[in-house]
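Report on the following structure.
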Amino acid sequence: MLNIILFGPPGSGKGTQSERLITQYGLKHLSTGDILRSEIAAQTPLGIEAKAIMDKGHLVPDEVVIGMISSALDANPNANGFLFDGFPRTEAQSEALDGLLELKNTEIAVVLSLEVGEEELVKRLLNRGLTSGRSDDNNEEVIRARIVEYHKKTTVVADYYKQFEKVRSIKGEGSVDEIFQALCKEIDPYIS
Ligand code: AP5
């Protein structure tokens with residue numbers, strides 16, 4: 001089983017590269033952002049509560065997203081492996097994920113960290129906001145709040161996995177193809 005975390009700030013290309021990587025390696029894509037947006041679309045109580053938080057660019061409480069990931073892992077007992085996108089985002093989420101994977105006798109193989117400069121992130125997200133319909137993309141103040149939240153709460157996730165020597169930095173600027181090739185170069189050694 002191959003489990004990968006695709007890590008990086010908002011707009012660094014996690015979703016774009018995830019689509020290609022799951023096809024290349026036959027992994028199950030688990031994006032907490034996508035799960036939350038489907039709850040919002042279905043107007044569930046969880047979705048209604050999450051929307052108010054996401055619209056400010058803040059993080060949804062740990063116990064909510066950990067519960068979502070726990071259910072998703074249980075719902076996919078035959079997966080070849082998982083690609084985590086946008087999760088974990090705090091140290092508590094990292095520890096919870098390691099615990100959940102341990103229960104399934106598996107672990108994170110590698111954390112691929114996409115490195116992109118802040119102005120490029122803002123430019124990409126404002127540009128996507130013109131067409132995406134994502135309410136957290138169409139306001140520069142909210143985009144910058146998401147990036148602040150990333151520095152405040154999420155960069156520690158890389159520090160957490162660095163202690164196990166699992167983090168690889170990838171330049172996240174350039175063409176989508178070039179970045180995909182760089183990611184594959186890091187993943188291929190884990191394929192038996
Ligand atoms: P989430 O959905 O995870 O969003 P995000 O991390 O803010 O990331 P994005 O989806 O905006 O960017 P991305 O890195 O996937 O880049 P993408 O490929 O889309 O989270 C949204 C919210 O949900 C959070 O703010 C939080 O409130 C909540 N949430 C989610 N998970 C949570 C968790 N674990 N804990 C607590 N709260 C949680 O690309 C962006 C744009 O750039 C696209 O338009 C794309 O076409 C373009 N692009 C991609 N690659 C390139 C390239 N190489 N060159 C030029 N443009 C590019």
Side-chain angles (χ1 to χ4, degrees), residues 4-22 29-41 46-73 82-97 100 111-158 160 170-183:
I4 297 171
I5 295 173
L6 194 53
F7 183 75
S12 55
K14 302 183 297 294
T16 304
Q17 296 295 338
S18 289
E19 281 176 29
R20 294 177 165 225
L21 291 171
I22 55 166
H29 183 202
L30 292 185
S31 157
T32 38
D34 286 351
I35 301 171
L36 288 165
R37 281 184 288 279
S38 64
E39 296 279 343
I40 292 172
L46 190 158
I48 291 164
E49 198 189 323
K51 186 176 187 318
I53 299 169
M54 291 163 75
D55 282 352
K56 292 191 194 118
H58 296 164
L59 293 186
V60 171
D62 284 338
E63 57 274 20
V64 173
V65 286
I66 291 167
M68 286 175 358
I69 287 291
S70 176
S71 306
L73 291 175
F82 295 95
L83 179 64
F84 297 95
D85 160 8
F87 181 92
R89 255 175 154 103
T90 63
E91 189 163 342
Q93 292 179 26
S94 310
E95 287 169 353
L97 177 60
L100 289 169
V111 178
L112 301 168
S113 175
L114 292 168
E115 313 293 339
V116 178
E118 178 156 342
E119 293 317 305
E120 171 71 10
L121 297 173
V122 174
K123 194 175 89 185
R124 286 184 189 180
L125 293 176
L126 281 173
N127 188 41
R128 184 176 63 186
L130 299 174
T131 53
S132 68
R134 269 180 65 166
S135 50
D136 58 349
D137 276 353
N138 56 19
N139 174 324
E140 183 166 341
E141 209 177 306
V142 174
I143 290 172
R144 292 205 185 265
R146 287 160 63 194
I147 296 171
V148 167
E149 195 81 332
Y150 171 79
H151 288 298
K152 231 169 45 186
K153 299 183 180 159
T154 303
T155 50
V156 294
V157 169
Y160 173 83
I170 309 286
K171 186 169 167 248
E173 294 186 46
S175 76
V176 170
D177 273 348
E178 281 166 354
I179 298 162
F180 177 67
Q181 294 307 331
L183 290 165

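First listed ligand is number 1; within each ligand, the first listed atom is number 1.
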ring-ring contact (aromatic ring centres under 6.0 Å, His included) with Phe180: which residues, sequence neighbours excluded?
none

Qualifying residues under ring-ring contact (aromatic ring centres under 6.0 Å, His included), relative to Phe7, sequence neighbours excluded
Tyr150

Between the main-chain N or O of Phe87 and the side-chain N or O of Gln93, is there a donor-acceptor pair closer than 3.5 Å?
no

Rounded to the nearest 0.5 Å, what separates atom CG in Asp136 from atom CD1 in Ile143?
8.0 Å

Sort and list the pairs that fulfil salt bridge (Lys or Arg N to Asp or Glu O under 4.0 Å) and have at least one residue in residues 83-92, not counting sequence neighbours.
none

Using a strict threshold of under 4.0 Å (side-chain N to carboxylate O), is an ion pair present between Lys123 and Glu119?
no

Contact residues of ligand 1, where a non-hydrogen atom lies under 4.0 Å away
Pro9, Pro10, Gly11, Ser12, Gly13, Lys14, Gly15, Thr16, Thr32, Gly33, Leu36, Arg37, Met54, His58, Leu59, Val60, Val65, Gly86, Phe87, Arg89, Gln93, Arg124, Leu125, Arg128, Arg134, Asp136, Arg146, Gly174, Val176, Ile179

